[in-house]
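The structure appears right after this line, and notes come after that.
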Amino acid sequence: MKTTLPLILVGLMLLPVPAQAERQGRRIDAIQSGRLYDPILTPQLNPSYHFQPNAEAQFLYELRKGRVRTDRVPEAQMNYFFEQLERQKQR
């Protein structure tokens, strides 16, 4: 009994680690593929800024709020995003 309880506790402590690591791995994959926008990780993991529609909408929202460092975005791509913002304002 005295040896099984510590073994069980150690086993329970190890269970959440793989689940959390797997979730983080999926998030990083989503950022790299353009399915998700993260204001800190996207410029590092997806420098081409190729977004799928949901991630692009999230990026434009963050851009409107002033949360995006525009010096990290290539100029041609930034012009495209500003055009998208203007179209949204006209609607």
Side-chain angles (χ1 to χ4, degrees):
M1 179 70 179
K2 290 183 180 181
T3 58
T4 57
L5 184 60
L7 289 175
I8 291 173
L9 290 175
V10 168
L12 289 175
M13 288 186 340
L14 295 176
L15 287 177
V17 174
Q20 183 181 9
E22 185 177 330
R23 274 185 268 134
Q24 288 296 334
R26 280 194 235 141
R27 180 176 169 82
I28 290 174
D29 288 343
I31 292 169
Q32 287 176 328
S33 66
R35 295 189 316 265
L36 182 67
Y37 172 73
D38 184 271
I40 296 171
L41 294 177
T42 299
Q44 298 167 10
L45 298 175
N46 189 2
S48 67
Y49 288 93
H50 177 73
F51 292 137
Q52 292 181 3
N54 289 341
E56 185 173 347
Q58 187 179 1
F59 175 81
L60 292 173
Y61 174 78
E62 297 286 335
L63 184 62
R64 267 183 269 137
K65 296 291 183 181
R67 298 179 187 152
V68 176
R69 289 187 55 187
T70 56
D71 60 331
R72 293 182 175 186
V73 182
E75 186 176 344
Q77 194 72 24
M78 202 65 219
N79 291 338
Y80 169 77
F81 288 132
F82 282 132
E83 289 172 9
Q84 294 293 348
L85 284 175
E86 289 299 319
R87 287 183 190 160
Q88 286 181 356
K89 287 180 185 177
Q90 291 174 358
R91 289 181 190 173

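These numbers come from a predicted model, not from an experiment.
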* **Atom pair OG1/CZ of Thr42 and Phe51 - distance to nearest 0.5 Å** =>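 Between atom OG1 of Thr42 and atom CZ of Phe51 there are 5.5 Å.
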* How many angstroms lie between CZ in Phe81 and CG in Leu60, if you round to the nearest 0.5 Å? ->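 Result: 6.5 Å between the selected atoms.
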* To do: Kindly state each residue pair satisfying salt bridge (Lys or Arg N to Asp or Glu O under 4.0 Å) with at least one member in residues 40-57, sequence neighbours excluded.
  =>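 Pairs touching residues 40-57 that pass the test: none.
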* Could you name each residue pair satisfying salt bridge (Lys or Arg N to Asp or Glu O under 4.0 Å) that touches residues 58-68, not counting sequence neighbours? =>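 Non-adjacent pairs meeting salt bridge (Lys or Arg N to Asp or Glu O under 4.0 Å): Glu62-Arg67.
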Donor-acceptor pairs under 3.5 angstrom involving side-chain atoms of residues 32-41: please list them, not counting sequence neighbours.
residue : atom : partner : partner atom : Å
Ser33   : OG   : Asp29   : O            : 3.1
Ser33   : OG   : Ala30   : O            : 3.3
Ser33   : OG   : Arg35   : NH1          : 2.9
Asp38   : OD1  : Ile40   : N            : 3.0
Asp38   : OD1  : Leu41   : N            : 2.8
Asp38   : OD2  : Arg27   : NH2          : 2.6

* Asked: Are Tyr61 and Phe82 joined in one hydrophobic group, where the rule is that I, L, V, M, F, W and Y side chains link up if heavy atoms are under 4.5 Å apart?
  ->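 No, no single cluster joins them.
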